Amino acid sequence: MTTFSSHFFSTSLELRTSLQVFIPDQIDESKPMRLLYLLHGLSDDDTAWLTNTSLVRYAENRNIAIVMPQVHRSFYTDMQIGNRYWTFLSKELPALVHRWFRLPAEPENTYVAGLSMGGFGALKWGLNYPEKFAGMASLSGALDLVALRHQRPEMEVEMVPTFGNIEDMEGSLNDLVALLPKVANQDRKPRVLQLCGTEDFLYANNLGFKAAIEKMDFAYIYREIPGEHNWKYWDCEIQTVLDWIDKKGDFA
């Protein structure tokens, strides 16, 4: 396998940032190459998936290249007070990746996934740009941040500089539940994989999102197993994500 670590200047962020890329050495020419954008959580960085899981070992015999960007504690958002991480993620990053690496650009071979904050980011990206992805996956994602902010007022200290007030967030591109009906009736939309451990502190939040998306017309799989909000669970379930990509979402 081959891994690249890049430090570069981002014009969207107006600062130097970093990126990790995994590309398998052994390619099965009879199968298409796939590209997975894999997003980190709130307290992590672009190296987190490589240092805390056996991701490289799990992916080395698959035709899947993996791009892992750095976004700090931004929630993949153009922050009210902070940098333009949503612009970086959704516009600048794909252009840079395809300029630097010979990786798939066609939507039918492009996926996005992430854990916790990254689960939110993955579904946010897929729901705002459904034409760009074959599938989007969340592991323990904070998927209904509007509800979570009402339930946990202590989060406002971090949420206000990121998103503004709750009223600013409701119905916006950061309100995933509000985005669902806008995307559900489109001809082209990604498949959705939602994973959460039953002991996760975001379990109830995930069940709320599950109830909302099940009312919509999505190719959708939900899977829960015993697990907490930790790397033991994510190391296990990233294998489920890779299997789902390999099988094009056709497994229960």
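It should be emphasised that the depicted structure is a prediction, and the values quoted were computed from it without experimental measurement. In what follows, residues are counted from 1 in the order of the sequence shown.
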J.: Could you tell me whether the side chain of Lys31 and the main chain of Asp246 form a donor-acceptor pair under 3.5 Å?
T.: no
J.: Measure centre to centre between the rings of Trp100 and Phe4, then say whether the value is under 6.0 Å.
T.: no
J.: Measure the spacing between CG of Leu193 and CG of Leu139 and express it to the nearest 0.5 Å.
T.: 7.5 Å
J.: Kindly compute the distance separating CG (Leu89) from OG (Ser10), expressed to the nearest 0.5 Å.
T.: 11.0 Å
J.: What distance separates Leu36 CG from Arg62 CZ, expressed to the nearest 0.5 Å?
T.: 11.0 Å
J.: Looking only at heavy atoms, what is the nearest atom pair of Ala65 and Ile23, with distance?
T.: CB-CG1, 4.4 Å
J.: I'd like to know if Phe8 and Leu103 are part of one continuous hydrophobic network [Ile/Leu/Val/Met/Phe/Trp/Tyr, side-chain heavy atoms within less than 4.5 Å].
T.: yes
J.: Would you call Val71 and Met117 a side-chain contact if the rule is heavy atoms closer than 4.5 Å?
T.: yes
J.: How about Gln194 and Tyr220: does a side-chain donor come under 3.5 Å of a side-chain acceptor?
T.: yes
J.: Could you walk me through whether Asn174 and Trp86 pass the side-chain contact (heavy atoms from CB on, under 4.5 Å) check?
T.: CA-CA 10 Å; Asn174 296 303; Trp86 174 239; over 6 Å; no
J.: Can you say whether the rings of His40 and Tyr76 are parallel (under 30°), tilted (30 to 60°) or perpendicular (over 60°)?
T.: tilted
J.: So for atom CD, which belongs to Glu214, do other residues, nucleotides or ligands contribute more than 12 heavy atoms lying within a distance under 6.0 Å?
T.: yes
J.: Quick check: does any side chain N or O of Asn128 sit under 3.5 Å from a backbone N or O of Leu173, one acting as donor and the other as acceptor?
T.: yes
J.: Would you please name every residue forming a salt bridge (charged side-chain N to carboxylate O under 4.0 Å, His left out) with Glu228, sequence neighbours left out?
T.: none
J.: Report yes if some heavy atom in the side chain of Phe88 is under 4.5 Å from a heavy atom in the side chain of Pro69; otherwise report no.
T.: yes
J.: Of all heavy-atom pairs between Pro161 and Glu156, which one has the smallest distance, and what is that distance?
T.: CD-O, 4.1 Å
J.: Side-chain donor-acceptor pair under 3.5 Å between Ser90 and Lys132, yes or no?
T.: no
J.: Tell me whether Asp168 contacts the main-chain N or O of Asn165 through its side chain, where contact means a donor paired with an acceptor under 3.5 Å.
T.: yes
J.: So do Asp243 and Thr240 actually touch side chain to side chain, heavy atoms under 4.5 Å?
T.: no
J.: Rounded to the nearest 0.5 Å, what's the gap from CD1 on Ile213 to CG on Leu123? Could you check?
T.: 6.5 Å
J.: When Leu38 is tested against each of Asp46, Ile66, Ile64 for side-chain contact (heavy atoms from CB on, under 4.5 Å), which residue passes?
T.: Ile66
J.: Would Lys124 and Thr77 satisfy side-chain contact (heavy atoms from CB on, under 4.5 Å), going step by step from the backbone distance to the final call?
T.: CA-CA 10 Å; Lys124 173 183 174 179; Thr77 294; 3.3 Å; yes
J.: Is the backbone N or O of Asp144 less than 3.5 Å from a side-chain atom of Asn205, with the two atoms forming a donor-acceptor pair by type?
T.: yes
J.: Sub-3.5 Å donor-acceptor pair from the side chain of Arg188 to the main-chain atoms of Phe133, do we have one?
T.: yes
J.: Taking the side chain as every heavy atom from C-beta outward, state whether Leu50 and Leu55 have any atom pair closer than 4.5 Å.
T.: yes
J.: How far does OG1 of Thr11 sit from CG of Leu96, to the nearest 0.5 angstrom?
T.: 7.5 Å
J.: Indicate whether any N or O donor in one side chain lies under 3.5 Å from an N or O acceptor in the other, for Asp45 and Gln70.
T.: no
J.: Using only atom types and a distance under 3.5 Å, with no angle test, would you say the side chain of Arg16 pairs donor to acceptor with the backbone of His7?
T.: yes
J.: Are Tyr203 and Glu224 linked by a side-chain donor-acceptor pair shorter than 3.5 Å?
T.: yes
J.: Are Met79 and Val160 connected in a single hydrophobic cluster, I mean Ile/Leu/Val/Met/Phe/Trp/Tyr linked by side-chain heavy atoms less than 4.5 Å apart?
T.: no
J.: Under 3.5 Å, side chain of Asn63 to main-chain N/O of Asp28, donor-acceptor pair present?
T.: yes
J.: Parallel, tilted or perpendicular: which one describes the rings of Trp125 and Tyr37, with boundaries at 30° and 60°?
T.: tilted
J.: Inspect the surroundings of CD in Gln186 and state if more than 12 heavy atoms from other residues, nucleotides or ligands are less than 6.0 Å away.
T.: yes
J.: Between Asn206 and Ser140, is there a donor-acceptor pair closer than 3.5 Å when you use the side chain of the first and the backbone of the second?
T.: no
J.: Applying a strict under-4.5 Å side-chain criterion to I, L, V, M, F, W and Y, I'd like to know whether Tyr129 and Val192 cluster together.
T.: yes
J.: Search all heavy atoms of Ala137 against all heavy atoms of Ala122 and return the closest pair with its distance.
T.: O-CB, 3.6 Å
J.: Could you walk me through whether Ile225 and Glu237 pass the side-chain contact (heavy atoms from CB on, under 4.5 Å) check?
T.: CA-CA 9 Å; Ile225 62 172; Glu237 287 297 76; 3.8 Å; yes
J.: Which distance, rounded to the nearest 0.5 Å, do you find between the CZ of Arg34 and the CG of Leu242?
T.: 9.5 Å
J.: Taking the side chain as C-beta and beyond, is there a heavy-atom pair between Trp231 and Ile238 under 4.5 Å?
T.: no
J.: Using distance alone, with no hydrogens and no angle criterion, decide if Trp234 and Thr53 have a side-chain donor and acceptor under 3.5 Å apart.
T.: no
J.: Look at the side-chain heavy atoms of Ile, Leu, Val, Met, Phe, Trp and Tyr, link any pair under 4.5 Å apart, and say whether Val157 and Leu148 land in one connected group.
T.: no
J.: Show the nearest heavy-atom pair for residues Lys189 and Val183, with the distance to one decimal.
T.: CD-O, 3.5 Å
J.: Looking at every non-hydrogen atom in both residues, tell me the closest pair between Pro104 and Thr110 and how far apart they are.
T.: O-OG1, 4.2 Å
J.: Please check if Leu15 and Leu19 belong to a single hydrophobic cluster, counting links between Ile, Leu, Val, Met, Phe, Trp and Tyr side chain heavy atoms closer than 4.5 Å.
T.: yes
J.: Does the Asp175 side chain pair with the main chain of Val146, one donor and one acceptor, at a distance under 3.5 Å?
T.: no
J.: Quick check: does any side chain N or O of Trp49 sit under 3.5 Å from a backbone N or O of Val56, one acting as donor and the other as acceptor?
T.: no
J.: State, yes or no, whether a side-chain contact exists between Phe201 and Arg152 at a heavy-atom distance under 4.5 Å.
T.: yes
J.: Which heavy atom of Ser74 sits nearest a heavy atom of Thr162, and at what distance?
T.: O-CG2, 3.4 Å
J.: Should Glu60 and Pro24 count as side-chain neighbours, where that means a heavy-atom distance under 4.5 Å?
T.: no
J.: For a 4.5 angstrom cut-off between non-hydrogen side-chain atoms, does Met136 reach Leu127?
T.: yes
